[in-house]
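Written out below as structure tokens is the structure these notes cover.
On a predicted model such as this, the values are computed, not experimentally measured, just so you know.
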2 protein chains.
Amino acid sequence: MVDGENAEAPKDFETLRALIIERRATLPKRLAQVAIYALDNPDEVAFGTAASVAQSAEVQPSTLVRFAQSFGFQGFSDLQDVFRARLRERVPSYDERIERMRQHGITASRSNLILDGFLEATEQSVAGFRSGADRDALDRAVDLLAQAHTIYLIGLRRSFPITSYMSYAMGKLGVRNILVDAVAGMASEQAGFIGDKDAALAISFTPYANETVSLVGSAKARGARIVSVTDSIFSPISAPADVLIEIGEANFEGFRSMAATMAVAMALSVAVAARRGGG
Amino acid sequence: MVDGENAEAPKDFETLRALIIERRATLPKRLAQVAIYALDNPDEVAFGTAASVAQSAEVQPSTLVRFAQSFGFQGFSDLQDVFRARLRERVPSYDERIERMRQHGITASRSNLILDGFLEATEQSVAGFRSGADRDALDRAVDLLAQAHTIYLIGLRRSFPITSYMSYAMGKLGVRNILVDAVAGMASEQAGFIGDKDAALAISFTPYANETVSLVGSAKARGARIVSVTDSIFSPISAPADVLIEIGEANFEGFRSMAATMAVAMALSVAVAARRGGG
DNA sequence: TTTCTGCTGGAATATTCATTCCATTATTGG
DNA sequence: CCAATAATGGAATGAATATTCCAGCAGAAA
């Protein structure tokens, strides 16, 4: 095996794509055939086995291996990883970023790499939510909240920034709300006044804060309607919810982006105000 | 093998998802664990091997097979096919995304139009910041904050969600910080202990809260270093700043997106922790 | 408490799969 | 036209993977 080629194996799909296009003209017949097929059917390459891809592309499995090796990969499997990563839409980790940078010969400080990671996670969260969001659920949530006498905002720990923003925005917009902020351990007292004319907006992500869960439970028991914003249908605040808004945020180095959640929070605040204002 | 079960194996992801949700409550412990993992991490299930998925979900590979069979599949591989099919359908191509947007736009409710507005503002903010950010300033900010004994987080009103998030994150990461939250009007008392070994991170946007401005002033007077995150060089917290991070957020209906600011906040928290941790 | 049923973990097995190897076929240069 | 080199097809190999099986265990019923 020629180790010299190994170094140049692209790690991200765009680089690989560019390289394939660049070298396609100089490739032998069967390899060119693979090149065309791979770029035309990236999903097949990502999901298929060497045998199945070979059959679709009308070459031998061994040709696929050679193709991969001619681009510096160790075998077909390594090449396939790049095609899969593209579909996965995963934010590259800090280590992968460094590796990619090294390949491109550029340098950035560690701080800036981290920043880029979070910016990318933000973009991915928004893009993902845009295509996968339950648009109808948002409408129902706005309906429900607009009809409530008072909106109780429940969100602790990492969700607290969201609810505190909503409290600020709703206050500005004249929407009656109570921010359950658990200052001085008074959360249950704050939520104790909730009634059947009211609604609770609960926000919680893994690992779900116990207090949020129990607050939602008691709000439900007191007859309030519940809107839950959470990350899973199996979240403990999903079951008691009248309306469920599911948000799968991308994360970087274990820290969840909150961009999509924040956008939803803003939209809810403004839409509820508009609905109430005779919109 | 019981053929009776084979007939009910769902062929599309949505049906499978619904079935899993429906039956989860009656599922044995480990199988329920798989159910939660699978729906929360569909991408992993689609791409991984039985062994890798099992490890992530903290079960045995055989449990995965049992799980699949309990839903009428022949084995894990068949179940995986459904998860892969889902990814094939959800092509994240840009053109399709725009097309889908346009289709949504026609029939979208008012609430969803508002949501789209905020999502767009988020993307615009991030894109704008990405190209125009002062990368060097970020490095200097991290340096400065990493050297501080205690970091005072100053941000009121709409900036409070950001500082409260940073306080949460830094707390988790073991970075000594004080959130100046002005509860009970105690802001100046909280900030009164700041000294020349400390640093203040101030966040403020138009219209700049008076209290934030004066807090920054007194922190400066007491010898603390200042990092300001704001929207303009002419902001009242720009002048006293040792490091200035300028963020021009896009806004929708008068509400500024906070996505870029949030990403910077997360990056600062993590980068400072990393620097301190001997990175 | 005892028995029984069903769940779970982990090793053993069988299958699928990527890769390698080599004989054969095409292509290029003299 | 011939020799030399590269490319190709396809079978053989070895690794990785899913699946099966069984013993041990936990929880429910008697």
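Atom P of nucleotide D:dA18 and atom CG of B:D78 are separated by 12 Å, given to the nearest angstrom. Atom CD of A:E58 and atom C1' of D:dG10 are 17 Å apart (whole Å). For the pair A:F47 CZ and C:dC17 P, the interatomic distance rounds to 16 Å; values are reported in whole Å. A straight line from CD of B:Q74 to C1' of C:dT15 spans 13 Å, rounded to a whole angstrom. Distance B:R30 CZ to C:dG9 C1': 9 Å, rounded to the nearest Å. Across the protein-nucleic acid pair, B:Q55 atom CD and D:dT17 atom P stand 12 Å apart, rounded to whole Å. At whole-Å resolution of the value, CZ in B:F67 and C1' in D:dT20 are 19 Å apart. B:F76 has its CZ atom 18 Å from the P atom of D:dA16, to the nearest Å.
A:P28 comes within 4.0 angstrom of the backbone, heavy atoms only, and of no base. Among the atoms of the strands shown, base atoms are found under 4.0 Å from some heavy atom of B:S62.
Heavy-atom neighbours of A:R158 CZ from other residues, nucleotides or ligands within 6.0 Å: above the threshold of 12. Residue B:R135 qualifies as enclosed at atom CZ: its count of foreign heavy atoms under 6.0 Å is above 12.
Two residues are said to be in side-chain contact when any heavy atoms from C-beta on lie closer than 4.5 Å; B:Y37 and B:L64 fail this criterion.
Phosphate proximity of C:dT19 to A:S77: present, with a side-chain N or O under 4.0 Å from OP1 or OP2. Of the side-chain N and O atoms in B:Q69, one or more sit less than 4.0 angstrom from OP1 or OP2 of D:dT20. Contact check, B:Q60 against C:dG10: a side-chain N or O comes under 4.0 Å of OP1 or OP2.
By the 30° and 60° cut-offs, the orientation of the rings of A:F47 relative to B:F47 is parallel.
Here the nucleotide nearest the side chain of B:V65, chosen from D:dA7, D:dT20, C:dG9, is D:dT20.
Across all non-hydrogen atoms, the minimal contact from A:L16 to A:F73 is CD1-CE1, 3.9 Å.
Position along DNA chain C of the nearest nucleotide to B:V59 versus A:G48 favours B:V59 as the more 5'-ward residue. The residue among B:Q80 and B:R66 whose nearest nucleotide of DNA chain D is located toward the 5' end is B:Q80.
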